[in-house]
Amino acid sequence: ALKHKGTAVLTANRVKIIEKIRESAISVLPIVVIVLVLCLTIAPVGTDLLLCFLIGTFFVIVGMGLFSLGAEASMTPIGNRIGMALTKTRNLPLILIVSFMLGFAVTIAEPDLQVLAETVPHINNTILLVTVGIGVGFFLSVCWLLIAFYGVVFILASFAAPDFLSVAFDSGGVTTGPMTVPFILALGVGVSYIRSDARAEADSFGLVALCSIGPILAVLILSFFYTESSGALEITTSSFANTSAIGAAYLHDLPKYMGEMAIALLPIVVIFFAFQFLTLHMPRRNLAKIVIGILYTYVGLVLFLTGVNVGFSTLGEVLGAELADGWTRWLLIPLSMLLGWFIISAEPAVAVLEAQIEEVSAGTIPGSSIKTSLSIAIALAMGFSMLRVLTGISIMW
């Protein structure tokens with residue numbers, strides 16, 4: 001009986017992995033097709049870069065699939081259980097301190113933030129990561145009003161150094177990625193389970209929006225004190241002599257991201273196990289599921305970041321430079337809008353938000369309508385963003 005039970009569990013896990021990878025492939029392939037059409041028509045690139053991109057696509061698809069499965073099995077239950085445990089203590093100082101630590105830890109592990117840090121030339125990577133982490137941690141622990149702090153954001157933005165302005169707003173955006181969103185949403189749901197008032201479920205939303213203000217404010221404040229702002233982003237004209245060189249590039253970066261992601265996830269794991277031993281006391285079976293989920297998350301993050309930084313970023317820079325030269329630069333506006341529409345489907349955090357909205361609203365707000373609304377909004381926003389790049393108008397507009 002135990003043998004059959006173990007076999008059934010392995011089969012179920014295999015089915016889940018295949019399903020998540022399939023969902024990831026469906027989400028990523030439209031973006032890949034658009035890139036391939038561009039490369040084969042109006043924006044030719046080297047064959048080596050295209051091959052490197054396709055290998056990166058494989059890494060991204062598998063990485064996103066494993067990461068989504070892992071986040072669902074680990075980050076969501078961890079956030080739920082810690083949120084419930086914290087609220088039960090009724091100890092405000094403890095809630096504030098632990099919320100800050102959790103917000104900081106989960107943000108440092110956010111893959112979107114890791115990608116941003118790699119592409120910002122005039123701010124030290126570590127300083128940017130720590131600054132953004134502090135911003136999220138502070139607002140996760142405080143959770144004050146949106147409108148007042150957005151007012152502060154625009155006041156500070158009026159005086160901030162221009163080099164920091166766009167980075168500050170991007171820092172708020174990258175903290176709404178596939179690591180941070182599931183955890184913070186789950187934390188809010190965990191708190192709402194304990195509260196009994198009428199607004200508890202509604203208040204489980206809004207944490208992500210509040211936490212996104214923190215990085216913007218933190219980076220804007222950093223701009224008044226940070227002096228090492230020299231540096232410019234160089235367009236890499238990377239090329240690979242042969243297929244072995246492409247393989248060597250991936251093998252070189254894999255150990256790097258294995259180390260970085262292990263360090264990034266360690267604080268979350270330590271905090272979770274501290275709660276497990278002190279208050280949660282989960283059964284071994286449930287604990288094992290979360291540990292396996294953390295492993296999936298780790299492997300997925302490593303593969304995702306390797307694929308993005310070795311395959312996607314290299315081709316993206318060259319492709320962008322190719323399109324920006326001559327009349328084709330005006331194609332960047334409709335192309336960016338098209339990519340913006342499909343990006344929503346490829347974002348795991350959106351799927352998490354859809355599921356929570358449907359659950360809390362008892363199905364009265366369908367997830368598909370949320371996705372459609374977001375797709376339209378992101379398409380328009382990316383079109384305006386590319387117009388800003390081409391014309392030089394201020395981001396403040």
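Open room surrounds CE on Met258; 12 or fewer heavy atoms of other groups in view lie less than 6.0 Å from it. Within a 6.0 Å sphere centred on CZ of Phe224, heavy atoms belonging to other residues, nucleotides or ligands number more than 12. Tyr250 OH: more than 12 foreign heavy atoms inside a 6.0 Å radius.
Hydrophobic clustering, with ILVMFWY side chains joined whenever heavy atoms are under 4.5 angstrom apart, groups Phe58 together with Leu301. Leu94 and Ile82 fall within the same hydrophobic cluster, defined by Ile, Leu, Val, Met, Phe, Trp and Tyr side-chain heavy atoms under 4.5 Å apart, directly or through other members. In the hydrophobic clustering of this structure, Ile42 groups with Leu338; members are Ile, Leu, Val, Met, Phe, Trp, Tyr whose side-chain heavy atoms approach within less than 4.5 Å, directly or through other members. In the hydrophobic cluster analysis, where Ile, Leu, Val, Met, Phe, Trp and Tyr join through side-chain heavy atoms closer than 4.5 angstrom, Leu287 is grouped apart from Leu278. The hydrophobic cluster containing Ile292 also contains Phe273, counting ILVMFWY residues as joined when their side-chain heavy atoms lie under 4.5 angstrom apart, directly or transitively.
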For this session: Show your reasoning for whether side chain to side chain contact (heavy atoms under 4.5 Å, CB included) applies to Ile78 and Ile294.
Result: CA-CA 10 Å; Ile78 287 175; Ile294 291 172; 4.2 Å; yes
For this session: Start with the C-alpha gap between Leu51 and Phe240, add the side-chain angles, then the distance that decides, and say whether side chain to side chain contact (heavy atoms under 4.5 Å, CB included) holds.
Result: CA-CA 10 Å; Leu51 177 60; Phe240 302 93; over 6 Å; no
For this session: Go through the steps for Phe59 and Leu305 under the test side chain to side chain contact (heavy atoms under 4.5 Å, CB included), then give the verdict.
Result: CA-CA 8 Å; Phe59 274 67; Leu305 286 173; over 6 Å; no
Exercise. Yes or no on side chain to side chain contact (heavy atoms under 4.5 Å, CB included) for Phe104 and Val130, after CA distance, side-chain angles and deciding distance?
Worked result: CA-CA 8 Å; Phe104 182 86; Val130 171; 4.2 Å; yes
For this session: For the pair Phe312 and Phe53, evaluate ring pair (Phe, Tyr, Trp, His ring centres under 6.0 Å) and give the outcome as yes or no after the intermediate values.
Result: CA-CA 6 Å; Phe312 273 49; Phe53 169 76; 4.9 Å; yes
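Looking at Ser313, its side chain does come within 3.5 Å of a backbone N or O of Val308 through a donor-acceptor pair. A donor-acceptor contact shorter than 3.5 Å links the side chain of Ser158 to the backbone of Phe154. The main-chain N or O of Ile61 is found under 3.5 Å from a side-chain atom of Ser24 such that the two form a donor-acceptor pair. A donor-acceptor contact shorter than 3.5 Å is absent between the side chain of Asn286 and the backbone of Met282. Using modelled atom types, one side-chain atom of Ser223 and one backbone atom of Leu220 make a donor-acceptor pair closer than 3.5 Å. A distance-only check finds a donor-acceptor pair linking the side chain of Thr297 to the backbone of Ala71 [under 3.5 Å].
Considering only heavy atoms from C-beta on, Leu374 comes within 4.5 Å of Ile370 through its side chain. Within the 4.5 Å cutoff, side-chain heavy atoms of Leu315 are placed close to those of Val35. Two residues are said to be in side-chain contact when any heavy atoms from C-beta on lie closer than 4.5 Å; Arg329 and Leu390 meet this criterion. Using a 4.5 Å heavy-atom cutoff, the side chains of Ser171 and Leu128 are in contact. Put simply, the side chain of Leu86 does not reach to within 4.5 Å of the side chain of Asn91, judged on heavy atoms. Looking only at side-chain heavy atoms (C-beta outward), Pro215 and Thr131 stay at 4.5 Å or farther from each other. Side-chain contact check for Thr306 versus Lys256: every heavy-atom pair is 4.5 Å or farther apart. Using a 4.5 Å heavy-atom threshold, the side chains of Arg388 and Ser166 count as touching.
For Pro366 against Ser369, the heavy-atom pair with the smallest separation is O-OG, 2.7 Å. The shortest non-hydrogen separation linking Leu165 to Ala157 is CD1-CB, 3.5 Å. A pairwise comparison of heavy atoms in Met386 and Ser336 identifies CB-OG, 3.7 Å as the closest pair. Taking both residues in full, the closest heavy atoms of Val136 and Gly103 are given as CG1-O, 3.7 Å, listed atom of the first, atom of the second, then distance. Here the closest non-hydrogen pair linking Ile263 and Pro267 is O-CD, 3.1 Å.
At a threshold of 4.0 Å, the pair Arg22-Glu19 counts as salt-bridged, since one of the basic side-chain nitrogens sits closer than that to a carboxylate oxygen.
Among Lys16, Arg14, Lys20, the one residue that satisfies the side chain to side chain contact (heavy atoms under 4.5 Å, CB included) test with Ile18 is Arg14.
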